[in-house]
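A short write-up of the structure that comes next.
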Amino acid sequence: MRKDTACIHAARGKDEHGAIATPIYQSATFVHKGVEEESPYSYSRVQNPTRAALEARIAALEGGADAIAFASGMAAETVMMTLFESSGHIISGDDLYGGSIRLFRHVSAPSGIRFDFVDTSDAEKVKSLIRPDTKAIYVETPSNPVMQVTDIRAVAEIAHAAGALLIVDNTFLTPLFQRPLELGADIVIHSGTKYLGGHNDTLAGFLVVNTKELGERLRFFAKTVGACLSPFDCFLVERGVKTLAVRLERQAANAQKIACWLRSRPQVRKVYYIGFPDHPGFAVTSKQCTGYGAMISLELDSPETAKKILRRVKVLQYAESLGGVESLITYPMLQTHADIPEAERRARGINDRFLRISAGIENADDLLEDLEQALEGK
Ligand SMILES: *Cc1c(COP(=O)(O)O)cnc(C)c1O
């Protein structure tokens with residue numbers, strides 16, 4: 001089954017009444033079939049039929065042995081970190097979603113895990129940081145928000161040679177454009193809030209794993225922590241996933257048009273977009289991905305221009321998040337990356353002239369006209 005068909009039909013269950021959409025099993029508990037008789041469901045923190053259907057679809061899309069749905073991407077990451085208890089060493093990308101940095105620096109590190117943060121697009125550098133107690137390499141590719149591209153296969157080899165896990169946050173490209181498990185990753189993380197849900201109406205997160213054994217270990221923590229995705233939210237994400245392929249196709253096309261247009265504007269100093277042939281990661285992207293995604297970052301000539309755009313946009317919305325049908329524009333310095341020490345943020349180019357755009361599914365001409373009036377107006 002091809003990926004776009006899989007969005008709709010992969011792991012499709014059989015409802016006893018023939019319902020084509022998975023019903024919302026809004027029940028906390030389930031009646032046991034009999035004393036000492038196995039029932040597939042007992043309590044919804046552990047598992048729920050609506051969640052099981054969604055998890056099976058996500059596992060199929062990523063080519064994983066198992067997938068676990070969480071109440072948010074951060075809930076998924078927090079449960080993932082329980083794999084490492086409170087010791088050992090993790091090599092992590094240095095350009096990450098701000099919440100991941102907060103988790104690693106302010107929760108995992110104080111509990112005893114040691115981190116090295118590095119640009120993982122430089123595989124040699126990653127290799128040089130391996131230590132006897134390295135337990136994992138954590139990668140976001142492309143990274144957020146400066147769009148560094150990491151060679152997943154190369155980093156997987158480094159991780160496995162050291163007996164460590166490779167964990168990849170695949171939120172930006174989705175299994176439609178990138179399948180990290182096939183390239184050697186052990187765990188894939190998603191913020192399902194973004195492209196998978198796709199409508200900016202629910203939070204969700206996923207861990208997808210390459211072995212049943214890893215899935216079982218994570219399910220133990222998942223049921224213990226209890227940050228599970230509710231039946232209604234599972235329904236919304238499943239509905240979103242069905243249209244993922246058509247949404248992403250339009251979003252990626254819009255992003256390409258916006259990126260090219262921005263590059264032609266004198267007020268725009270730099271455009272970060274992995275679909276440009278002169279992007280440093282273009283060769284790796286062409287090798288390991290089947291699309292360039294729909295995320296763009298840009299650096300303007302002055303903070304005044306950046307603020308003017310945020311003030312004036314009408315079709316694009318000035319809001320955090322990404323991946324939904326609405327095009328969003330954010331100011332990472334004040335929003336997603338506000339918790340990162342200023343010197344570090346600036347060193348990576350995330351300054352007061354830096355904006356990030358998530359292309360939605362609107363007509364591209366309306367988006368370009370909106371950006372034009374925002375850029376040229378007073
Ligand atoms: C949003 C996001 C997360 C966190 O997910 P939530 O659903 O907001 O908890 C993690 N990684 C990336 C790349 C994200 O964009």
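Counting convention: from 1, in listed order, for ligands and their atoms alike. The structure displayed is predicted, hence computed values, not measured ones.
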So for ligand 1, is Leu203 a polar contact partner (N or O within less than 3.5 Å, distance only)?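 The answer is no, given that Leu203 and ligand 1 share no N or O pair closer than 3.5 Å.
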Examine Ser100 against ligand 1 and note whether any of their N/O atoms are separated by less than 3.5 Å. no
Regarding Arg346 and Glu342, does a basic nitrogen lie under 4.0 Å from an acidic carboxylate oxygen? yes
How far is [atom] from its nearest protein heavy atom, and which residue and atom is that?
atom	answer
atom 2 (C) of ligand 1	Lys194 NZ, 2.5 Å
atom 12 (C) of ligand 1	Asp169 OD2, 3.4 Å
atom 9 (O) of ligand 1	Met74 N, 2.8 Å
atom 7 (O) of ligand 1	Thr193 OG1, 2.6 Å

Set out, in order, the CA-CA distance, both residues' side-chain angles and the distance that settles side-chain contact (heavy atoms from CB on, under 4.5 Å) for Tyr25 and Phe235, then state yes or no. CA-CA 9 Å; Tyr25 284 90; Phe235 168 85; over 6 Å; no
Short question: side chain of His337, backbone of Leu96 - any donor-acceptor pair under 3.5 Å?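 The answer is yes, because a donor-acceptor pair under 3.5 Å joins these two groups.
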Whether the side chain of Thr134 engages the backbone of Arg131 through a donor-acceptor N/O pair (distance < 3.5 Å, no angle test) should be reported. yes
Can Arg311 be said to sit on top of Tyr318's aromatic six-ring, NZ or CZ under 6.0 Å from centre and within 45° of the ring axis?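 The answer is no; the distance or angle limit is not met.
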Quick check with a 6.0 Å cut-off and a 45 degree axis cone: is Lys194 positioned over the face of Tyr97's six-membered ring? yes
Would a line drawn from the ring center of Tyr272 to the ring center of Phe354 be shorter than 6.0 Å?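 Yes, the ring centres sit under 6.0 Å apart.
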If we set the cut-off at 4.0 Å for heavy atoms, which region of Leu322 has an atom near ligand 1: side chain, backbone, both, or neither?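 It is the side chain that touches ligand 1; the backbone stays farther off.
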Side chain, backbone, both or neither: which part of Ser321 comes within less than 4.0 Å of ligand 1 when only heavy atoms are counted? neither
Should the pair Phe115 and Phe104 be assigned to parallel (<30°), tilted (30 to 60°) or perpendicular (>60°) ring geometry? parallel
Could you tell me whether ligand 1 has any atom less than 4.0 Å away from a heavy atom of Ala204?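 The answer is yes: ligand 1 sits under 4.0 Å from a heavy atom of Ala204.
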Sub-4.0 Å heavy-atom approach of His190 to ligand 1: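 His190: no contact with ligand 1 (<4.0 Å).
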Check ligand 1 against Glu77 and write out every atom of the ligand that is under 4.0 Å from a heavy-atom position of the residue. 10 (C)
So if I count the atoms of ligand 1 from 1 in the order they appear, which ones are less than 4.0 Å from some heavy atom of Gly73? 5 (O), 6 (P), 7 (O), 9 (O)
From atom 4 (C) of ligand 1, work out which of Phe172, Phe70, Tyr97 has a heavy atom at the shortest distance. Tyr97
